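This is a predicted model, so every value here is computed, not measured.
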Amino acid sequence: MSIEVKNITKFYEQQKALDNVSFSIKKGEIVGFLGPNGAGKSTMMKIITGFVNASEGDVLVSNFNIETTKIDAQKNIGYLPEHNPLYLEMYVKEYLLFNAGIHKVSKNEVDKIIVKVGLQPEAHKKINQLSKGYRQRVGLAAALLHNPEVLILDEPTTGLDPNQLVEIRNLIKEIGKDKTVLFSTHIMQEVEAICDRVILINKGKIIADKKLNELRGNQ
Ligand code: ADP
Ligand code: ADP
């Protein structure tokens, strides 16, 4: 398994944001994490990526426990947060080279990633000159630099215009061919467009975990 979430509960003070959540994702799957705002999607993703600790339960990423072997686990994770804190005054390539330095990845790899995510026409611009769709590509490029097995994408298509939406969907599908992807959204069409399995979450609980065709059959 690429991702194993076992009995995760998370309290923020008295509020239970996640209630005994379990699921696992096999290598190579693209899975949609669907639920309304406040359902617990971002919290679950922050726990999987090691930015927030669970109150109870365990998460394994590529068989590494995210709390007890965080560095090894994080080497296998690329994360695109919902509100990605990009350095707006940096040039695209400069920003990616800076990230490559952090991960000890070669400059050559930066050029390859720029091509892979379709950033060539914008690579010499400042991030603050880019549209939302191209900013998402910068975030995806940064998440992919260290060639992780697992990609965690928090609402990657929210707020995109229709053209950008189609392009980013296609890009996620393309990238997902040789990665394990968990992406969150509150829009069913996004799940239908991108993946074949969906995990539904509401009020901190998993309410369905199905292949898309099974889900349709039950409606
Ligand atoms: P989603 O990503 O599905 O919108 P979140 O994981 O952001 O859901 O939030 C789940 C619940 O936890 C919400 O009720 C939210 O207000 C609450 N929450 C999230 N982060 C915090 C925090 N840092 N402190 C307190 N409550 C939080
Ligand atoms: P993100 O995409 O990183 O989850 P959000 O806009 O959901 O960003 O939240 C911004 C910050 O506020 C996060 O650190 C989140 O944990 C926190 N937060 C979200 N909901 C609440 C809440 N109800 N009470 C306190 N903090 C919250």
Side-chain angles (χ1 to χ4, degrees), residues 1-12 16-35 39-85 96 98-106 109-110 112-113 116-117 139-156 171-185 194-201 204-206 209:
M1 289 295 170
S2 284
I3 303 174
E4 275 191 81
V5 172
K6 298 195 265 190
N7 306 106
I8 290 289
T9 292
K10 174 67 184 178
F11 287 97
Y12 289 114
K16 214 186 234 186
L18 293 172
D19 186 356
N20 197 27
V21 168
S22 299
F23 58 84
S24 49
I25 303 181
K26 279 187 271 192
K27 196 167 180 175
E29 279 190 288
I30 304 186
V31 177
F33 197 28
L34 179 69
K41 302 182 298 297
S42 284
T43 299
M44 190 65 248
M45 290 182 146
K46 287 178 198 167
I47 290 172
I48 293 172
T49 51
F51 288 97
V52 165
N53 284 337
S55 308
E56 291 164 30
D58 288 296
V59 169
L60 306 184
V61 178
S62 306
N63 296 322
F64 292 106
N65 184 300
I66 192 65
E67 283 195 35
T68 58
T69 50
K70 187 180 280 195
I71 291 170
D72 289 316
Q74 285 183 335
K75 278 186 189 154
N76 292 289
I77 304 172
Y79 177 38
L80 180 62
E82 184 177 5
H83 303 289
N84 196 16
L96 293 175
F98 164 74
N99 275 272
I102 294 171
H103 292 298
K104 300 192 168 55
V105 166
S106 72
E109 208 52 44
V110 171
K112 281 196 211 157
I113 292 286
K116 187 164 191 173
V117 303
L140 278 169
L144 287 168
L145 268 175
H146 57 297
N147 193 24
E149 175 183 328
V150 170
L151 263 188
I152 305 290
L153 310 177
D154 197 348
E155 302 254 358
L171 184 56
I172 293 170
K173 278 198 272 191
E174 181 62 34
I175 292 168
K177 284 181 183 164
D178 59 357
K179 305 265 177 218
T180 303
V181 180
L182 179 65
F183 77 94
S184 68
T185 176
I194 299 172
C195 64
D196 63 357
R197 178 178 160 205
V198 61
I199 298 174
L200 255 84
I201 183 168
K205 289 189 183 179
I206 302 297
D209 179 348

Practice item. Would you sort out whether Gln74 and Ile66 count as a side-chain contact (heavy atoms from CB on, under 4.5 Å), showing the intermediate values? Key: CA-CA 7 Å; Gln74 285 183 335; Ile66 192 65; 4.0 Å; yes
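- With hydrogens and angles disregarded, a donor-acceptor distance shorter than 3.5 Å links the side chain of Ser55 to the backbone of Phe11.
- Put simply, the side chain of Lys16 never gets that close to the backbone of Gly204: no donor and acceptor are under 3.5 Å apart.
- Judged by distance alone, with hydrogens and angles left aside, the side-chain atoms of His146 form no donor-acceptor pair with the main-chain N or O of Asn76 at under 3.5 Å.
- Counting only distance, with no hydrogens or angles, the side chain of Thr185 and the backbone of Leu34 share no donor-acceptor pair below 3.5 Å.
- Within the 3.5 Å criterion, the main-chain N or O of Asn53 finds a donor-acceptor partner in the side chain of Lys10.
- In this pair, Phe33 and Phe23 present their aromatic rings tilted. The plane angle is within the 30 to 60° band.
- For Ile71, the CD1 atom sits in a loose shell: 12 or fewer heavy atoms of surrounding residues, nucleotides or ligands are nearer than 6.0 Å.
- Ion pairing between Asp19 and Lys205 holds under the 4.0 Å rule for side-chain N and carboxylate O.
- Under the 3.5 Å distance criterion, the side-chain polar atoms of Thr9 are matched with a main-chain donor or acceptor of Asn20.
- Here the side chain of Lys41 pairs a donor or acceptor atom with the backbone of Gly35 at under 3.5 angstrom.
- Of the possible polar contacts, one joining the Lys179 side chain to the Pro148 backbone as a donor-acceptor pair under 3.5 Å is found.
- Residues Glu82 and Ser42 come closest through the heavy atom pair OE1-OG, 3.7 Å.
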Exercise for review: Report the C-alpha separation of Leu60 and Met1 in whole Å, then their side-chain angles, then the decisive distance to 0.1 Å, and conclude whether the side-chain contact (heavy atoms from CB on, under 4.5 Å) test is met.
Suggested key: CA-CA 9 Å; Leu60 306 184; Met1 289 295 170; over 6 Å; no
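- Of all heavy-atom pairs spanning Gly176 and Val181, the tightest one is CA-CG2, 3.8 Å.
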